[in-house]
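Atom set for the values below is all heavy atoms of this structure, side chains included, hydrogens, waters and symmetry mates excluded.
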Amino acid sequence: MKTPFLRALSLATAALAAILAAPAMAQLSVDVTGDIDSNLKIAVPPMPAQQQADTPAGSASDLGRKIAEVIASDLKGSGLFDPSGPSGLPAIPFPEVTFPQYQKWGAYQALVQGFVRTSGGESDITVGCYLYDVALQQELTRQGYVVAPRDWRRAAHKCADAIYARLSGESPFFDSRIAYIAESGPKGNRTKRLAIMDSDGANHRFITNGQSIALTPRFSPDYKSIVYVSYLGSRVRLYVYDIGTGQQRLVTESNNPTFAPRWSPDGRNILFSMAVAGNTDIYRISANGGSPVRLTNSPGIDVGGSYSPDGSRIVFESDRSGGQQLYVMNADGSNQRRISHGGGRYATPEWSPRGDLIAFTKLSGDFKIAVMSPNGDNERILTNGWQDEQPTWSPNGRVLQFFRTTPGRQGTSQVWQVDLTGVNERRIPTPLSGSDPAWGPLLP
């Protein structure tokens, strides 16, 4: 089903095939020469306009430059590539998009070229995107997208996704969104609003108005909804917010402290933690509401369940052994067993969408973001901030976002990102302080 937001065109269709008429010069099995892990040098010059026309988002030539800027920024943020441009690179004429002058780009291993086509006004724009191997002088992939002018960034993210997937051999993740908690006000009396933004921090908007406290959002597997906790006075409510309609519905409410909701992979159930009579356990409830089912029943605090991608198991944290540790159980609550055995404490686990790793917060002096295998082996620390916590996975399971709190009386927090090497960190810009990020699936 085509979305009104973005309509990706098949290159076999007549309309776009007429624009992207140059034949491909190589099969997709051709690899870019060089080592992907050594920061492949990629040139991303401005994208020319087929004809000059003005749109509500800027002129066609302005959009070509902005799209190239987003592509270069996405590729840089992945940690795998060393893109240059569009600033400082020569502009190319429209006919050169499909016939690159490789001698211009000898300092690079790969070249991204593209174009913008529009008749102006509110008319849709067409964005073409090409990836070339400079050394072999061959085309590696091409994509085309038709979007409304206001949605030009989605076309840029889609182009970057196509390039990333072709060069890395991994699934893409740029055209996705982040839900998080926007915080303002003094440390002891914060206003906490649910907000949503693109994966790079653009297209930011608030969803709740701050009259109640919003916490721990998570996207549904189909990306249509966000579940979150709302505190208003003594009442705690679990809401599901519908992204398409802007409506929200109540799943459950209680006077008991309730937190950390998580969807099941099929979207039919929601895990959450609730404290009753001094004992905190993990519960499961239908996404449509109903009576919660308790899954844990040990003395102490059991918190933060996260399903494995196949829905068969749940990872959670518990202090039943005397300190916070990670445990895994079957989806019905059976076969609970501890998997963490290192020094320090463990919290906020989240299973990778690939199923191969579990990310968590390591509490050992400072707070750090770390990963381990689902059986508890191969523990690795990825960050070394003062207080890094609450990791959330990119759709392809290669990058994590989290929030970092700064020392001091104000204790402001910001959303950060790190890849699995632990080397490539960057801050995601937000208009206010930010916490509890939740990375959504790749957009359709």
Side-chain angles (χ1 to χ4, degrees), residues 11 16-17 19-50 60-61 63-117 126-145 155-175 200 396 398 419 421 423-424:
L11 296 181
L16 197 57
I19 303 168
L20 309 180
M25 298 174 64
Q27 298 297 316
L28 292 181
S29 59
V30 175
D31 291 326
V32 170
T33 55
D35 183 358
I36 291 293
D37 292 328
S38 61
N39 289 338
L40 194 83
K41 293 186 179 299
I42 304 175
V44 190
M47 293 185 172
Q50 187 180 33
S61 58
L63 286 176
R65 175 171 288 277
K66 290 192 289 187
I67 288 170
E69 288 173 348
V70 172
I71 293 171
S73 177
D74 281 350
L75 296 176
K76 182 71 173 178
S78 75
L80 288 181
F81 311 113
D82 183 17
S84 297
S87 297
L89 295 185
I92 60 172
F94 183 81
E96 198 173 306
V97 172
T98 54
F99 295 95
Q101 303 302 301
Y102 291 106
Q103 67 274 13
K104 293 182 181 179
W105 311 106
Y108 302 92
Q109 294 160 288
L111 169 65
V112 175
Q113 294 191 156
F115 67 83
V116 175
R117 182 193 187 197
T126 300
V127 177
C129 182
Y130 300 76
L131 173 65
Y132 299 99
D133 184 316
V134 174
L136 297 181
Q137 298 190 10
Q138 292 181 337
E139 179 186 305
L140 294 178
T141 192
R142 64 172 76 178
Q143 295 290 329
Y145 304 97
H157 290 316
K158 286 291 188 187
C159 285
D161 276 336
I163 295 161
Y164 175 89
R166 178 65 185 91
L167 295 180
S168 71
E170 298 183 352
S171 300
F173 65 93
F174 300 121
D175 189 30
D200 60 357
N396 69 349
R398 193 186 184 282
D419 69 359
T421 68
V423 174
N424 300 291

**Report entry** For the student: nearest non-hydrogen atoms of Val127 and Ala155, plus distance
**Finding:** CG2-CB, 3.9 Å

Query raised in the report: Say you draw a straight line from OG1 of Thr141 to CG of Asp133; how long is it, rounded to the nearest 0.5 Å?
Result: 13.0 Å

Requested in this report: Find the distance between CG (Leu131) and CZ (Arg142) and round it off to the nearest 0.5 Å.
Outcome: 12.0 Å

Report summary line: Scanning both residues in full, the closest heavy-atom pair of Trp105 with Ala43 reads CE3-CB, 3.7 Å

Query raised in the report: Can you check side-chain contact (heavy atoms from CB on, under 4.5 Å) on Phe174 and Ile163, steps first, answer last?
Result: CA-CA 11 Å; Phe174 300 121; Ile163 295 161; over 6 Å; no

Query raised in the report: Quick one: side chain to side chain contact (heavy atoms under 4.5 Å, CB included) partners of Ser73, sequence neighbours excluded?
Result: Arg426

Query raised in the report: Which heavy atom in Pro90 sits nearest to a heavy atom in Pro45, and how many Å separate them?
Result: O-CB, 3.7 Å

Requested in this report: Apply side-chain hydrogen bond (donor to acceptor under 3.5 Å, both in side chains) to Asp200 and list each qualifying residue two or more places apart in sequence or on a separate chain.
Outcome: Arg153

**Report entry** For the student: nearest non-hydrogen atoms of Cys159 and Cys129, plus distance
**Finding:** SG-CB, 2.9 Å

Requested in this report: Using a 4.5 Å cut-off on heavy atoms from C-beta on, say whether the side chain of Tyr130 contacts that of Leu111.
Outcome: no

Identify each donor-acceptor pair in which a side-chain atom of residues 76-87 lies under 3.5 Å from a protein atom, sequence neighbours left out, and give them as a table.
residue	atom	partner	partner atom	Å
Ser78	OG	Leu75	O	2.7
Ser78	OG	Leu80	N	3.2
Asp82	OD2	Lys41	NZ	3.0

Query - Distance in Å, Arg398 CZ paired with Glu170 CD, rounded so as to fall on 0.5 Å steps - result: 5.5 Å

**Report entry** Closest non-hydrogen atom pair, Tyr108 against Ile42
**Finding:** CD2-C, 3.8 Å

Report task. Could you tell me which residues satisfy salt bridge (Lys or Arg N to Asp or Glu O under 4.0 Å) with Glu96, sequence neighbours excluded, listed by chain and number? Result -> Lys104

**Report entry** side-chain hydrogen bond (donor to acceptor under 3.5 Å, both in side chains) involving Asp74 - partner list, sequence neighbours excluded
**Finding:** His157

Report summary line: Partner of Gln109 under side chain to side chain contact (heavy atoms under 4.5 Å, CB included), picked from Leu40, Asn39, Leu167, is Leu40

Report summary line: Output for pair (Ile92 CD1, Gln101 CD), nearest 0.5 Å, gives 9.5 Å

Query - Gln113 side, atom CD; Met47 side, atom CE - distance, nearest 0.5 Å - result: 9.0 Å

Query raised in the report: Which word best sums up how the rings of Tyr102 and Tyr132 line up, parallel for under 30°, tilted for 30 to 60°, or perpendicular for over 60°?
Result: perpendicular

